[in-house]
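The next block holds one structure in the form of structure tokens; read it before the comments.
Quick note: numbers below take in every heavy atom, side chains included, and nothing from hydrogens, waters or symmetry partners.
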Amino acid sequence: MKVYGIDFTSAPSKTKAIVLAEAWIEVDILHIEKFYRFIDFSSFMEFLRRSPTWIAGVDFPLGQPRKLIENLQWGKTWAEYVQIVGQMSKTEFVATLNQYRQDRAIGDREHLRHTDKLTGAISPMKIYGVPVGKMFFEGAPRMLAAGFSILPCHPTNDPRIILEVYPAIIARSLIGKHGYKSDEKRKQTLEMQLLRQEMINQVRSPSFKEAYSFGVNINNALASECTQDASGDTIDALFAAIQTAWTLQQPSYGIPETCDRLEGWICGKLI
């Protein structure tokens with residue numbers, strides 16, 4: 001089975017692409033084969049539809065907090081509220097979240113899902129700064145419309161499986177909370193590049209294989225793509241593929257039976 005790790009953006013372009021790491025796992029080795037870059041949603045979705053069988057970890061929230069869904073009366077299931085969102089324009093979606101936050105107390109304006117609290121992820125309602133809310137808006141409805149099996153929110157019989165992952169978990173385990181990327185050129189430093197190189201070195205190390213129960217085979221050319229991409233999108237796609245591969249070794253992909261299927265679950269090894 002193909003393993004995909006996807007670093008997503010809500011506005012793909014020539015300067016900020018969706019990056020997909022393509023890999024396959026053989027017993028105890030994850031082989032990284034190629035990085036793809038998509039500058040629009042149509043080419044990205046066409047690529048996903050083309051292959052008949054795969055598992056993909058996407059670096060964007062597949063769900064929203066239960067509290068938001070219930071307060072807005074968006075339905076009882078994940079598919080219901082994602083369909084509602086899918087019928088909105090981006091402007092309408094942003095306006096809906098802005099209006100929702102407007103009269104709420106400070107500290108109760110952007111809710112966290114249970115899985116966000118466990119992993120240290122930001123609220124999927126966030127639409128400024130790191131606009132993961134806009135990523136949800138652009139990503140989740142497309143995944144639903146494509147008919148993929150979206151775990152744990154909306155499982156289907158489709159052999160193409162979508163999971164939510166969070167590459168920052170791996171980055172934090174390797175270098176702590178040091179910054180290793182920036183989309184702003186003026187903020188991109190040699191120190192960040194050296195940190196990306198250090199993370200690649202660690203991913204290739206025996207200790208990483210011991211922690212994950214599989215090694216990562218990435219050639220020098222692909223490793224260089226990770227270290228040279230100052231935005232961090234390429235190395236994040238690599239981390240997303242690693243997290244996705246880890247789920248294949250776990251019962252139920254590492255998703256607990258008690259998880260809230262309305263909200264979704266961030267998959268991957270918590271270190």
Provide the closest heavy-atom pair for [X] versus [Y] in the form atom of the first, atom of the second, distance.
{"X": "Glu257", "Y": "Ser252", "answer": "OE2-OG, 4.2 Å"}
{"X": "Ala23", "Y": "Leu30", "answer": "CB-CD1, 3.8 Å"}
{"X": "Phe41", "Y": "Ser10", "answer": "CZ-O, 3.6 Å"}
{"X": "Ile122", "Y": "Leu112", "answer": "C-CD2, 3.8 Å"}
{"X": "Phe214", "Y": "Ile242", "answer": "CZ-O, 3.6 Å"}
{"X": "Met125", "Y": "Gln64", "answer": "CG-OE1, 3.3 Å"}

Solution key, residues 166-173 side-chain donor-acceptor pairs under 3.5 Å, sequence neighbours excluded:
from, atom 1, to, atom 2, distance (Å)
Arg172, NH2, Thr119, O, 2.5
Ser173, OG, Ile170, O, 2.6

> Under the salt bridge (charged side-chain N to carboxylate O under 4.0 Å, His left out) rule, what pairs show up with a residue in residues 138-154, not counting sequence neighbours?
Replying inline: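 Sorted result for residues 138-154: Lys90-Glu138, Glu138-Arg142.
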> Under the salt bridge (charged side-chain N to carboxylate O under 4.0 Å, His left out) rule, what pairs show up with a residue in residues 152-161, not counting sequence neighbours?
Replying inline: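 Residue pairs with at least one partner in residues 152-161: Asp158-Arg160.
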Can a donor-acceptor pair be found, under 3.5 Å and without considering hydrogens, that links the side chain of [X] to the backbone of [Y]?
{"X": "Ser123", "Y": "His111", "value": "yes"}
{"X": "Gln228", "Y": "Ser224", "value": "no"}
{"X": "Glu263", "Y": "Gly63", "value": "no"}

>> Check this for me: Phe208, atom CZ, are more than 12 non-hydrogen atoms of other residues, nucleotides or ligands nearer than 6.0 Å?
In response: yes
Separation between [atom1] of [X] and [atom2] of [Y], rounded to the nearest 0.5 Å:
{"X": "Gln73", "Y": "Ile84", "atom1": "CD", "atom2": "CD1", "answer": "10.0 Å"}
{"X": "Ile218", "Y": "Ile200", "atom1": "CD1", "atom2": "CD1", "answer": "5.0 Å"}
{"X": "Lys185", "Y": "Ser231", "atom1": "NZ", "atom2": "OG", "answer": "11.0 Å"}
{"X": "Leu190", "Y": "Gln197", "atom1": "CG", "atom2": "CD", "answer": "11.5 Å"}
{"X": "Thr227", "Y": "Glu198", "atom1": "OG1", "atom2": "CD", "answer": "12.5 Å"}
{"X": "Trp24", "Y": "Ile32", "atom1": "CH2", "atom2": "CD1", "answer": "11.5 Å"}

Please tell me whether [X] and [Y] are part of a single hydrophobic cluster in this structure, the criterion being side-chain heavy atoms less than 4.5 Å apart.
{"X": "Val130", "Y": "Ile6", "result": "yes"}
{"X": "Leu248", "Y": "Ile266", "result": "no"}
{"X": "Leu20", "Y": "Val216", "result": "no"}
{"X": "Met88", "Y": "Val132", "result": "yes"}
{"X": "Tyr253", "Y": "Leu270", "result": "no"}

Min side-chain heavy-atom separation [X]-[Y] under 4.5 Å:
{"X": "Phe137", "Y": "Ile127", "result": "no"}
{"X": "Ser207", "Y": "Gln202", "result": "no"}
{"X": "Ile255", "Y": "Leu163", "result": "yes"}
{"X": "Cys153", "Y": "Arg261", "result": "no"}
{"X": "Leu174", "Y": "Val203", "result": "yes"}
{"X": "Pro124", "Y": "Leu68", "result": "no"}
{"X": "Phe35", "Y": "Asp233", "result": "no"}
{"X": "Asp229", "Y": "Ile235", "result": "no"}

>> Using the rule side-chain contact (heavy atoms from CB on, under 4.5 Å), only one of Lys134, Lys16, Met135 pairs with Thr9; which is it?
In response: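 The passing option is Lys16.
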>> If the test is side-chain contact (heavy atoms from CB on, under 4.5 Å), which one of Ile162, Thr156, Ile161 qualifies with Ile150?
In response: Ile162
For [X], give me all partners under salt bridge (Lys or Arg N to Asp or Glu O under 4.0 Å), at least two apart in sequence or on another chain.
{"X": "Lys181", "value": "Asp236"}
{"X": "Arg37", "value": "Glu225"}
{"X": "Glu26", "value": "none"}
{"X": "Asp103", "value": "none"}

Which residues share a side chain to side chain contact (heavy atoms under 4.5 Å, CB included) with [X], sequence neighbours left out:
{"X": "Ser89", "value": "Thr91, Glu92"}
{"X": "Ile106", "value": "Arg109"}
{"X": "Ser213", "value": "Gln249"}
{"X": "Asn220", "value": "Arg204"}

> Parallel, tilted or perpendicular for Trp78 and Tyr81, by the 30°/60° rule?
Replying inline: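 Because their plane-to-plane angle is over 60°, the rings of Trp78 and Tyr81 count as perpendicular.
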>> Would you call the rings of Trp265 and His114 parallel, tilted or perpendicular, taking 30° and 60° as the class edges?
In response: tilted
>> Salt bridge check, Glu80 against Lys76: does any charged N sit closer than 4.0 Å to a carboxylate O?
In response: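 Judged by the 4.0 Å cut-off on N to carboxylate O distance, Lys76 and Glu80 do not form a salt bridge.
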>> Pair Lys67, Asp108 - check salt bridge (charged side-chain N to carboxylate O under 4.0 Å, His left out), show working.
In response: CA-CA 10 Å; Lys67 186 174 183 178; Asp108 192 35; 2.7 Å; yes
> Can you list the steps and then say if Arg113 with Asp260 is a salt bridge (charged side-chain N to carboxylate O under 4.0 Å, His left out)?
Replying inline: CA-CA 9 Å; Arg113 301 171 297 171; Asp260 190 334; over 6 Å; no
> Between the side chains of Gln102 and Asn98, does any donor sit under 3.5 Å from an acceptor?
Replying inline: no
Exercise answer: donor-acceptor pairs, residues 45-58 side-chain atoms, under 3.5 Å, sequence neighbours excluded:
from, atom 1, to, atom 2, distance (Å)
Ser51, OG, Tyr4, OH, 3.3
Trp54, NE1, Leu48, O, 3.0
Trp54, NE1, Ser51, O, 3.4

> Checking side-chain contact (heavy atoms from CB on, under 4.5 Å) for the pair Glu33/Lys2: CA distance, chi angles, key distance, verdict?
Replying inline: CA-CA 10 Å; Glu33 293 189 308; Lys2 289 284 186 182; 2.7 Å; yes
